[in-house]
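Here's the structure, in structure tokens; my notes come after.
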Amino acid sequence: MKFFVDSADLEKIAYLNDIGLVDGVTTNPSIIAKSGRDFIEVIKEICDMVEGPVSAEVTAMKADDMIAEGRHLRKVASNVCVKLPLTMDGLKACKVLSSEGTPVNVTLCFSANQALLAAKAGATFISPFIGRLDDIGLDGLELIEEIRTIYDNYGFETEILAASIRSVGHIKECALIGADVITSPPDVIAKLSEHVLTQKGLDAFMKDWEKTGQKIL
Ligand code: E4P
């Protein structure tokens, strides 16, 4: 399973990237607003740092304008992946841009039927939002399962990019279901390393080591 970081925080992306935990990055207009940075500039910097796809989202509403924005974003760096909303206009832009060889991430997916349309329109990635479904009392992980089944039934190559991740539990369940990619806030990725028994064991080892009075270096 690939790990994408859902952030425009260069420092946090670099930290995880140095450990080999970053296969790509996703952003959205809210993430860009939170960064306080110029959109194109920050996307370029992330693209320079990370080898994998970096999703940059269009903000136009009409297909023709989305296509123009997508073509513009694609010129920023060779690893830009154009992010489009799951609307009929977004799907039309997806078909055109993906036919030109541009990787496309179709975002704001909340149903299996929407995911089916994105695959038929040639999306490289479909982004179902788990956390936002959980927020309204639905089961985000069930959606990932449904999409996995549908894509496998018909051999669609669109990758399931599980988004709106809120917890380490979400990541484990996505891996068990067989999501191709998760995109997560950097802090949740770092949390995957934590276990109470790891810390307890380490504390005990260090205490005993101190008693030996030895040093390795
Ligand atoms: C995905 O590409 C989105 O940027 C993201 O996962 C949204 O997550 P949120 O629901 O926590 O804002």
Side-chain angles (χ1 to χ4, degrees), residues 1-10 12-13 16 21-37 39 42-43 45-47 50 52-60 66 69-70 73-74 76 79-87 90-91 93-94 97-98 102-112 114-115 117-119 121 123-144 147 158-175 177 179-192:
M1 185 169 72
K2 287 179 242 177
F3 277 19
F4 288 3
V5 181
D6 199 28
S7 174
D9 185 325
L10 270 292
K12 289 185 177 178
I13 297 168
L16 293 173
L21 294 176
V22 181
D23 300 304
V25 172
T26 53
T27 64
N28 62 41
S30 306
I31 287 173
I32 297 299
K34 191 174 159 206
S35 78
R37 301 274 322 273
F39 179 34
V42 78
I43 291 294
E45 283 176 34
I46 298 170
C47 286
V50 169
V54 175
S55 290
E57 189 160 341
V58 302
T59 53
M66 288 180 188
E69 286 187 2
L73 290 170
R74 185 72 183 141
V76 173
N79 52 339
V80 162
C81 174
V82 175
K83 205 171 180 189
L84 299 165
L86 211 155
T87 59
L91 292 170
C94 173
L97 290 170
S98 58
T102 292
V104 171
N105 175 359
V106 176
T107 190
L108 291 168
C109 170
F110 294 96
S111 78
Q114 287 181 317
L117 292 183
T124 315
F125 300 104
I126 180 69
S127 288
F129 278 34
I130 299 175
R132 292 192 195 187
L133 280 169
D134 291 354
D135 288 346
I136 59 162
L138 296 173
D139 188 345
L141 289 164
E142 194 176 288
L143 174 59
I144 305 295
I147 300 171
T158 300
E159 293 187 44
I160 302 174
L161 198 178
S164 190
I165 295 272
R166 302 278 161 78
S167 66
V168 292
H170 275 159
I171 297 180
K172 184 183 86 173
E173 292 302 325
C174 283
I177 292 165
D180 300 289
V181 193
I182 54 98
T183 188
S184 163
D187 301 352
V188 179
I189 292 178
K191 264 209 167 86
L192 291 171

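For this chain, numbers begin at 1 and follow the sequence in order. Counting convention: from 1, in listed order, for ligands and their atoms alike.
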Using a 3.5 Å cut-off on N or O atoms only, is [X] in polar contact with ligand 1?
X      : result
Ser127 : no
Arg166 : yes
Thr107 : no
Lys83  : yes
Thr183 : no

* Could you walk me through whether Ser127 and Asn105 pass the side chain to side chain donor-acceptor pair (under 3.5 Å) check? -> CA-CA 7 Å; Ser127 288; Asn105 175 359; 2.8 Å; yes
I'd like to check [X] versus [Y] (side-chain heavy atoms, cut-off strictly below 4.5 Å). Are they in contact?
X      : Y      : answer
Asn79  : Pro53  : no
Lys12  : Val5   : no
Val82  : Met66  : no
Phe110 : Leu133 : yes
Leu10  : Arg37  : yes

Quick test: of every protein heavy atom, which one is nearest to [atom], and how far off is it to 0.1 Å?
atom                    : answer
atom 4 (O) of ligand 1  : Asn28 ND2, 2.7 Å
atom 5 (C) of ligand 1  : Asp6 OD2, 2.8 Å
atom 12 (O) of ligand 1 : Arg132 NH2, 2.8 Å
atom 7 (C) of ligand 1  : Phe129 CE2, 3.6 Å

* Number the atoms of ligand 1 from 1 as they appear, then name those within less than 4.0 Å of a heavy atom of Ser164, with their elements. =>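 Near Ser164, meaning under 4.0 Å from one of its heavy atoms, ligand 1 has 5 (C), 6 (O), 8 (O), 9 (P), 10 (O), 11 (O).
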* Asked: In ligand 1, which numbered atoms sit nearer than 4.0 Å to a non-hydrogen atom of Ala163?
  ->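 Within the 4.0 Å cut-off of Ala163, ligand 1 contributes 1 (C), 6 (O).
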* **Shortest non-hydrogen separation from Ile130 to Ala162 and the atoms involved** =>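 Ile130 and Ala162 have their closest heavy atoms at CD1-CB, 3.9 Å.
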* To do: Look at the side chain of Ser55 and the backbone N and O of Lys83, then say whether any donor-acceptor pair between them is shorter than 3.5 Å.
  =>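 Pair absent, no side-chain N/O of Ser55 close to backbone of Lys83.
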